[in-house]
Amino acid sequence: MTTPSENESAAPSDFIRDAVAEDIRTGKRKQICTRFPPEPNGYLHIGHAKAICLNFGIAHEFGGVCNVRMDDTNPTKEEAEYVDSIMFDVHWLIDGWANKNLGRAPGFASDYFDQLYTYAVELVRKGKAYVCDMTPEETDEYRRLGKEGPFRNRSVDENLDFLARMKAGEFPDGARTLRAKIDMSAPNVWLRDPVLYRIRHAEHHQTGNKWCIYPMYDFAHTLSDYIEGITHSVCTLEFEVHRPLYEWLLEALELPAPRPHQYEFARLNINYTVMSKRKLMQLVNDGLVNGWDDPRMPTISGIRRRGMTASALRVFAYNIGITKYPSMTDVAVLEHTVREEFNRTSPRRLAVLRPIKVVITNYPEGQVEELDAVNNPEDPAGGSRKIPFSRELFIDSADFTETPPPKYFRLKPGSEVRLKYAYIIKCDEVVKDENGEVIELRCTADLESKSGGATSSRKIKGTIHWVSASQAIDAEVRLYDRLFTVAEPDGDFKTLLNPHSLEVVAAKCEPSLKDADSNVRYQFERLGYFALDPDSQPGKLVFNRTITLKDTWAKMEGRAPSRP
RNA sequence: UGCCUCGUAGUGUAAUGGUAGCACCAGAGAUUCUGGAUCUCUUUGUCAAGGUUCGAAUCCUUGCGAGGCAGCCA
């Protein structure tokens, strides 16, 4: 599987890659090194996938490496269990594409705590950092006002002493901080003596109880980048105002070149979903979805379980581009990307979601024919398979109506449709139960009209899918729709959930699906693309509908396209 | 409020002083044993006003609008 970004002629271009290319052209950089720095405090989502594809994409295209580095500087919020899920998702996403460009992984910012502390001491020695005794509230207040605090001009020796004692655990949480000594009147608040270290008597998932002081993001991240020889440190827009601090730290420590540079791009937003960790966490904790990997979630694990592929995600990341404009991407772009791939690659199968019985009255009882069915009309090498046909069949209830609207091409009383790969049938009689519900259709087949037969070229407007009743196998099919009813769920977003985002049906499938492969995405003809769910067990198939087919008929009817 | 960044069809993105393109979406038609796919066609755009220039989406000024930051979170 290739993605556009693997194709030389279609290599993506954006302002960050332009900068990388320029650095190589001028000889400023020989070896490119990027990094993906997740905080292990939650699951990765499709926004992270964009960042992963960008950072690994750059490494891949320019022959460099990309380090995955856990940004684990806050032990009170982070947990080891997330590290595994993050690495699993990263590997899944880059495997077969940029796994050769993966640097050391997983790495941890905490691997550098000793070195970082040395840098902190160095900063103090240079008179560029000091220990501050103000409370968090006071610190806030002074920074807002641009006022210098009373501890700002302690001597180097005093600062060294206090820092060592902070490290030694002499002070309680929050009692003191190490702060950069920059400029309390700077217009950019991140230059108003930002905190570099805080005291946290907390056990860290990697370093245990070794430390009771932990570096802040800016300090740890900047210097970890430097230590690893990162050339291009790519982050999202909200860190733009931190860039002067990033550069100040490298300069204050007089670190020899080459130094890393920070670039910022707009994070991904997609409509009809939410992307913030906080909101996703609420959906999970409130039981509004079935866990982080619920196929309706925009998490990588959810998307994977839904049946989308890493390659489709990579193409999507390529398609949406990289800019500094905070945009809202239409989920239709993702859906199109998935359909485009699956149309090319998915074997076709017949499955009936909401079965209604059909009896072919002029077809001999007990007779079973094996009919040829093409596996994939888009792929001549895909071959064909046999599907059984018999007197009793199931068709989808959506494919029959007694009260057809104009231009209805499917089955209706007294009218004909073609059964895909089989015969043209005519509906003679509608059998109902005592409640007036249709329970059976009695039809006659044009026995010469079998695909390839004498009257097979008769023009029949409608073609529907079906399965043979006695050979059909059962499957639970989970039909997913968008999670929210509004494009941009905000405010009380939990009241905006789509009540029809999950519907479970008992489907009848053609027998070959008995051996369904979890690595294969099947197209159930006329319905959509389906993937085996991990809940499947021998003898109990569970399929997730990854995405419907485009449905222009539904559109004409004014129905939601994904709700047949 | 201060500081930073960003404004190109409905959406997302190209054009790096020289013909405003592409994709998605939407609409029309052709075709079809998937109302799928495929093919053809169509609608719609440079936030505004000035300025520089032979020539401005691009450079300058002002205005307007949007987003971000102002945790001892990342």
Side-chain angles (χ1 to χ4, degrees), chain A residues 12-15 18 37-39 41 71-74 76-78 132 134-137 139-140 143-144 146 173-179 186-192 194-200 213-214 216-218 220-221 235-244 264 266-267 271 277 319-337 339-340 343-344 348 350 373-374 376-378 407-410 417-422 424 449 451-452 456-465 487 523-528 548-557:
Chain A
S13 166
D14 53 66
F15 69 99
D18 288 350
E39 183 184 14
N41 70 344
D71 230 328
D72 57 348
T73 57
N74 188 353
T76 60
K77 286 194 174 177
E78 295 147 8
C132 178
M134 291 198 292
T135 65
E137 295 72 28
T139 309
D140 250 30
R143 287 184 77 195
R144 242 198 316 278
D173 287 3
R176 287 187 163 83
T177 57
L178 180 73
R179 298 178 65 181
N188 181 338
V189 293
W190 286 101
L191 262 18
R192 317 238 262 233
V195 171
L196 266 23
Y197 269 88
R198 77 288 219 191
I199 301 171
R200 286 269 187 287
I213 58 172
Y214 291 95
M216 297 288 289
Y217 162 81
D218 293 284
H221 189 262
C235 60
T236 45
L237 248 27
E238 66 267 31
F239 295 103
E240 205 156 29
V241 289
H242 294 236
R243 182 159 20 107
E264 309 88 15
R267 63 162 8 107
N271 58 15
K277 272 183 195 170
N319 283 341
I320 57 177
I322 301 292
T323 67
K324 301 190 77 153
Y325 181 77
S327 56
M328 177 67 70
T329 295
D330 194 335
V331 68
V333 177
L334 210 212
E335 295 172 345
H336 170 264
T337 307
R339 287 195 186 102
E340 203 279 327
N343 178 53
R344 281 185 286 110
R348 315 285 123 128
L350 297 185
V374 171
N376 185 347
E378 306 294 321
K407 294 199 173 180
Y408 185 85
F409 300 156
R410 307 175 185 183
V417 280
R418 169 169 291 283
L419 297 178
K420 180 85 179 176
Y421 306 121
I424 295 168
S449 67
S451 301
S456 68
S457 58
R458 281 175 54 205
K459 293 294 176 203
I460 299 293
K461 197 66 179 170
T463 300
I464 63 174
H465 57 278
Q523 184 196 104
F524 292 175
E525 294 213 43
R526 304 207 309 133
L527 297 173
T548 60
L549 254 28
K550 263 173 73 177
D551 191 344
T552 51
W553 170 245
K555 207 184 302 177
M556 285 168 67
E557 279 196 308

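Per chain, numbering begins at 1; letters A, B, ... match sequence-line order. All values derive from a computational prediction rather than experimental measurement.
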*Whole-Å distance between B:U1 C1' and A:Arg143 CZ?*
17 Å

_A:Val374 vs A:Arg348 side-chain heavy atoms within contact, under 4.5 Å_ = no

*asked:* If you define the side chain from C-beta out and look only at heavy atoms, does anything of A:Tyr214 sit under 4.5 Å from A:Asn74?
replied: no

*Flag the pair A:Leu237 / A:Arg267 as yes when at least one side-chain heavy-atom distance between them is below 4.5 Å, and no otherwise.*
no

*Between A:Asp173 (CG) and B:C72 (P), how many Å, whole number?*
15 Å

*Can you tell me, in whole Å, how much space there is between the P of B:A48 and that of B:U58?*
10 Å

_Categorize A:Phe524 for me: base, sugar-phosphate, or nothing, with a 4.0 angstrom heavy-atom threshold over every strand shown._
nothing

*Contact under 4.0 Å: A:Thr73 side-chain N or O vs B:A74 OP1/OP2*: yes

*For the pair made of CZ in A:Arg526 and P in B:G36, what is the distance, rounded to whole Å?*
10 Å

*Which one, B:G12, B:G68, B:G36, comes nearest to the side chain of A:Thr329?*
B:G12

*So, A:Arg143 side chain and A:Val189 main chain: donor-acceptor pair closer than 3.5 Å or not?*
yes

_Nearest-neighbour nucleotide for the A:Lys461 side chain, B:A74, B:G35, B:U32 considered_ = B:U32

*RNA chain B: A:His242 or A:Ser449, which has the more 5' nearest nucleotide?*
A:Ser449

Please produce a list of atom pairs where a protein N or O lies less than 3.5 Å from an N or O of nucleotides 2-7 of chain B.
unit_1 : atom_1 : unit_2   : atom_2 : d
B:U5   : O4'    : A:Glu240 : OE1    : 3.4

*Scan A:Thr177 against the nucleic acid and name what it touches under 4.0 Å (heavy atoms): base, sugar-phosphate only, or nothing.*
base

*Reckon A:His465 touches a base, only the sugar-phosphate, or nothing at all at heavy-atom distances under 4.0 Å?*
nothing

*Please identify each residue that fulfils salt bridge (Lys or Arg N to Asp or Glu O under 4.0 Å) with A:Arg458, with sequence neighbours left out.*
A:Glu416, A:Asp446

Name the pairs: protein N/O against N/O of nucleotides 57-61 of chain B, kept only if under 3.5 Å.
none

*Tell me whether A:Tyr217 is stacked on the nucleobase of B:A74, counting only the six-membered base ring and applying the 5.5 Å and 30° thresholds.*
no

_With a 3.5 Å distance limit and no angle check, can you tell me whether A:Asp14 reaches the backbone of A:Thr323 through a side-chain donor-acceptor pair?_
no

_Run A:Lys324 and A:Glu240 through salt bridge (charged side-chain N to carboxylate O under 4.0 Å, His left out) and show every step you take._
CA-CA 10 Å; A:Lys324 301 190 77 153; A:Glu240 205 156 29; 2.6 Å; yes

*With P as the reference atom in both, quote the distance from B:C25 to B:A37 in angstrom, rounded to an integer.*
9 Å

*To the nearest 0.5 Å, what is the distance between CD (A:Glu378) and CG (A:Asn343)?*
4.0 Å

*Expressed in whole Å, how much space separates the P atoms belonging to B:G63 and B:G2?*
12 Å

*Is there a side-chain contact between A:Arg339 and A:Thr548, using heavy atoms and a 4.5 Å cut-off?*
yes

*Under 4.0 Å between any heavy atoms, over every strand shown, what does A:Glu378 touch: base, sugar-phosphate, or nothing? Just pick one.*
base

*Kindly confirm whether the side-chain ring of A:Trp190 is stacked on the base of B:A70, judged by centres under 5.5 Å and planes under 30°.*
no

*Taking atom C1' in both B:C3 and B:G51, what distance in whole Å separates the two?*
28 Å

*Just compare B:A37, B:A70, B:G35 and give me whichever is closest to any side-chain atom of A:Asn343.*
B:A37

*Using the P atom in both, what is the distance from B:U44 to B:G10, to the nearest Å?*
10 Å

*asked:* Roughly how many Å apart are B:U42 and B:C59, using the P atom of each and rounding to a whole number?
replied: 32 Å

*Given atom OH of A:Tyr421 and atom C1' of B:U34, what is their separation to the nearest angstrom?*
8 Å

*Where the side chain of A:Pro377 is concerned, which of B:U34, B:C73, B:G35 is the nearest nucleotide?*
B:U34

*Hey, does A:Asn376 have a side-chain heavy atom less than 4.5 Å from the side chain of A:Gln523?*
no

*Conformer about C1'-N of B:G63 - syn within 90° of 0, anti elsewhere*: anti

*Heavy atoms, side chains only, cut-off 4.5 Å: are A:Phe409 and A:Trp553 in contact?*
no

_Interatomic distance where CG belongs to A:Asn376 and P belongs to B:G36 [whole Å]_ = 16 Å

*Given side chains that start at C-beta, do those of A:Val195 and A:Arg179 come closer than 4.5 Å, heavy atoms only?*
yes

*How long is the line joining CD1 of A:Ile199 and P of B:C72, in whole Å?*
14 Å

*Please check if the side chain of A:Asn188 supplies one atom and the backbone of A:Val241 the other of a donor-acceptor pair under 3.5 Å.*
yes

_Per A:Ser327 side chain, nearest of listed nucleotides B:C73, B:G35, B:U13_ = B:U13

*Under a 3.5 Å cutoff on both atom distances, Watson-Crick or G-U, what's the dot-bracket for RNA chain B ([ ] crossing, | other strand)?*
(((((((..((((....[..)))).(((((.......)))))....(((((..]....))))))))))))....

N/O-N/O pairs, protein side and nucleotides 21-30 of chain B side, under 3.5 Å:
unit_1 : atom_1 : unit_2   : atom_2 : d
B:C24  : OP1    : A:His336 : NE2    : 3.4
B:A26  : OP1    : A:Lys555 : NZ     : 2.9

_In whole Å, I'd like the distance from the CG atom of A:Asn74 to the C1' atom of B:C72._
10 Å

*Select base, sugar-phosphate, or nothing to describe what A:Gln523 touches, counting heavy atoms under 4.0 Å on all strands.*
base

*Report yes if a side-chain nitrogen or oxygen of A:Arg144 is closer than 4.0 Å to either non-bridging phosphate oxygen (OP1 or OP2) of B:U1; otherwise report no.*
no

*With rounding to whole Å, what would you report as the distance between B:C47 and B:G65 at their P atoms?*
16 Å

*Using a heavy-atom cut-off of under 4.0 Å over every strand shown, decide if A:Tyr197 touches base, sugar-phosphate, or nothing.*
nothing

*Do you know the tightest heavy-atom contact between A:Tyr325 and A:Ala266?*
O-CB, 3.2 Å

*Select from A:Ala422 and A:Met328 the residue whose nearest nucleotide in RNA chain B is closer to the 5' end of that strand.*
A:Met328

*Gap between atom CZ of A:Arg200 and atom CD1 of A:Ile213 - 0.5 Å precision*: 12.5 Å

Detail all sub-3.5 Å separations between protein N/O atoms and N/O atoms belonging to nucleotides 14-17 of chain B.
unit_1 : atom_1 : unit_2  : atom_2 : d
B:U16  : O4     : A:Asp18 : OD2    : 2.6

_Strictly distance-based, threshold 3.5 Å: is any side-chain N or O of A:Ser449 a donor or acceptor partner for the main-chain N or O of A:Ile424?_
yes

*Should the pair A:Phe239 and A:His242 be assigned to parallel (<30°), tilted (30 to 60°) or perpendicular (>60°) ring geometry?*
perpendicular

*Is there a side-chain contact between A:Met216 and A:Pro194 (heavy atoms, below 4.5 Å)?*
no

*With no hydrogens and no angle check, is any side-chain donor or acceptor of A:Arg192 less than 3.5 Å from a backbone partner on A:Ala186?*
yes

*What is the distance, rounded to the nearest whole Å, between atom CG of A:Asp140 and atom C1' of B:C73?*
13 Å

_Rounding to an integer number of angstrom, what distance separates B:A56 and B:A23 when you compare their P atoms?_
28 Å

